[in-house]
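Reading through the structure tokens given below for one structure.
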Amino acid sequence: MPMGHTATAQAGSGGLTATEHRLANGLRVVLSEDHLTPVAAVCLWYDVGSRHEVKGRTGLAHLFEHLMFQGSGQVKGNGHFELVQGAGGSLNGTTSFERTNYFETMPTHQVELALWLEADRMGSLLAALDEESMENQRDVVKNERRQRYDNVPYGTAFEKLTALAYPEGHPYHHTPIGSMADLDAATLEDARAFFRTYYAPNNAVLSIVGDIDPEQTLAWVEKYFGSIPSHDGKQPPRDGTLPEIIGEQLREVVHEEVPARALMAAYRLPHDGTRACDAADLALTVLGGGESSRLHNRLVRRDRTAVAAGFGLLRLAGAPSLGWLDVKTSGGVEVETIEAAVDEELARFAEEGPTPEEMERAQAQLEREWLDRLGTVAGRADELCRYAVLFGDPQLALSAVGRVLEITADEVRAAARAALRPDNRAVLVYEPIEPAEEADEATDAPEGADK
């Protein structure tokens, strides 16, 4: 049986506990009992994301997220979905810069099924991976790119801003969706090599949270995962280190068919897992976290120059995090007007810092978000995996909010002063153009007609 240790409830954890275990093949297992409802979540994080990809083969991590649902040694075709949903469960998978995860939420008596399914595709996906499944999922991903990125208003904003914020050659320069050209170029052998390298038990963390019997659950994990061999061929991700400040304002103007002008910006912020990152998170919450925030009050309520204004944090562990500003203008308001108001508010905040009321509200908001994540078995399973993969210690998930509540107003002001400045941002400006059909009609209008 795998060895493990039991964690005692930490201060600020709400009484939640987790136990950690490791199989002989390197698979890390985290268990957290919760008998409030008769359900359990199974969550599996692989330490692979788009930052592990190389130029010319972007999008492989995300493509593999889809291939993992295409069948494995004992489960054919769409069987993974059919078996989980037929048992009353739900499931999905996602890909980011820093990881790929798969998860099921099941009735208690069906946890063994979810573990068997995850182990079968970890251990035998290559038995089912062929040219047909590769082409099928390649087309699915390309269609996802069209629907979610290329053919929707502002759809490529994230891709454009990250490409500006992280220089060419940086592991975070490209987003997980990948490019159409690289998706077309990926071969079956590329996919097989990718799987052998990254989809190994010693490159994964498995968390099971909810109405479980720990001893029985560990026995199932050992039974289904214990015989899967480890793999030692993984190379560490390329170094994502960058200077704390960009050093100039990077800017791109985009002329597209969008509903309104928009100002978007990405500010370089401290790495996730640091006290400075928590301070930056509180600063962005005060400035743009909801309808009580400074930017919403200024731009939407007072000036009425915008219909929406938000400021959030994209936490990243292997590279500087990004502060994400998104403002949609109202009517014919020019972006320059919005930008001047934003800079005025950021400068004032960097000078004065948050009020006691703003600090209390921001900390309460982040505490509520933390409670929401840990309050469900699926959310807690995901957080335990996140802290295990990115920071080496799943126990940190249970006390994360305590670290946020320790941050002072002076630290928040210092974080804003250090990073929320014009020479530390990549800016994207959207200028609407007429739809193609209307533009054609205007061009063909008779002389003297209004255009």
Side-chain angles (χ1 to χ4, degrees), residues 1-6 18-33 40-48 64-65 67-76 79-81 83-84 87 89 91-94 99-106 108-129 192 194-234 377-378 380-382 384-389 392-394:
M1 286 295 294
M3 301 298 292
H5 72 269
T6 302
T19 60
E20 303 170 54
H21 314 264
R22 190 184 292 270
L23 303 192
N25 59 12
L27 178 67
R28 298 176 66 189
V29 184
V30 184
L31 306 181
S32 181
E33 287 185 78
V42 172
C43 184
L44 187 59
W45 271 46
Y46 290 93
D47 186 9
V48 58
F64 240 96
E65 175 207 319
L67 288 171
M68 287 283 276
F69 290 102
Q70 186 68 15
S72 50
Q74 303 300 317
V75 181
K76 304 306 178 187
H80 196 112
F81 276 100
L83 287 168
V84 170
L91 71 162
N92 213 331
T94 66
R99 60 96 185 104
T100 309
N101 68 339
Y102 303 90
F103 45 92
E104 295 89 6
T105 300
M106 307 289 284
T108 298
H109 66 286
Q110 296 288 2
V111 169
E112 184 182 8
L113 172 62
L115 293 172
W116 175 76
L117 286 167
E118 289 294 357
D120 191 61
R121 58 184 176 183
M122 178 190 283
S124 68
L125 186 90
L126 291 184
L129 182 58
R192 287 174 171 163
F194 193 88
F195 179 83
R196 284 191 292 265
T197 301
Y198 296 109
Y199 279 76
N202 55 317
N203 195 47
V205 172
L206 172 68
S207 67
I208 305 123
V209 174
D211 187 24
I212 59 172
D213 178 321
E215 185 176 348
Q216 176 63 77
T217 302
L218 279 176
W220 285 331
V221 171
E222 180 68 39
K223 176 181 179 181
Y224 297 121
F225 289 89
S227 62
I228 302 173
S230 60
H231 182 79
D232 296 325
K234 176 188 173 183
V377 293
R380 195 184 321 155
D382 193 60
L384 290 169
C385 279
R386 183 170 87 89
Y387 279 91
V389 168
D393 185 2

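Counting from 1, the numbers follow the sequence of the chain as shown. What you are looking at is a predicted structure, and each value in this text was computed from that prediction instead of being measured. Below, all heavy atoms of this structure are taken into account, side chains as well, without hydrogens, waters or symmetry copies.
A distance of 12.5 Å separates NZ in Lys234 from OH in Tyr46, rounded to the nearest 0.5 Å. A distance of 9.5 Å separates CD of Glu222 from CG of Leu27, quoted to the nearest 0.5 Å.
Side-chain contact annotation: Asn25 with Ser230, donor-acceptor N/O pair under 3.5 Å absent. Residues Glu112 and Tyr224 bring a donor and an acceptor atom of their side chains to less than 3.5 Å of each other. Donor-acceptor pairing under 3.5 Å is lacking for the side chains of Ser207 and Arg28.
Side-chain atoms of Asp393 do not come within 3.5 Å of backbone N or O of Tyr387 as any donor-acceptor pair. Under the 3.5 Å distance criterion, the side-chain polar atoms of Arg386 are left unmatched by any main-chain donor or acceptor of Trp45. Looking at Arg121, its side chain never comes within 3.5 Å of a backbone N or O of Ser72 through a donor-acceptor pair. Side-chain N or O atoms of Arg192 include one that pairs as donor or acceptor with a backbone N or O of Leu129 at under 3.5 Å.
At least one side-chain heavy atom of Arg99 sits under 4.5 Å from a side-chain heavy atom of Thr94. In this structure, the side chains of Val75 and Trp116 come closer than 4.5 Å at one or more pairs of heavy atoms. Counting heavy atoms from C-beta outward, Met68 and Phe195 have side chains that approach closer than 4.5 Å. Between Thr100 and Phe64, the closest side-chain pair of non-hydrogen atoms is not below 4.5 Å. With contacts defined as side-chain heavy-atom distances shorter than 4.5 Å, the pair Ile208/Leu115 qualifies. Taking 4.5 Å as the limit, some side-chain heavy atom of Leu91 sits within range of a side-chain heavy atom of Phe69. Using a 4.5 Å heavy-atom threshold, the side chains of Tyr198 and Asp47 count as separate.
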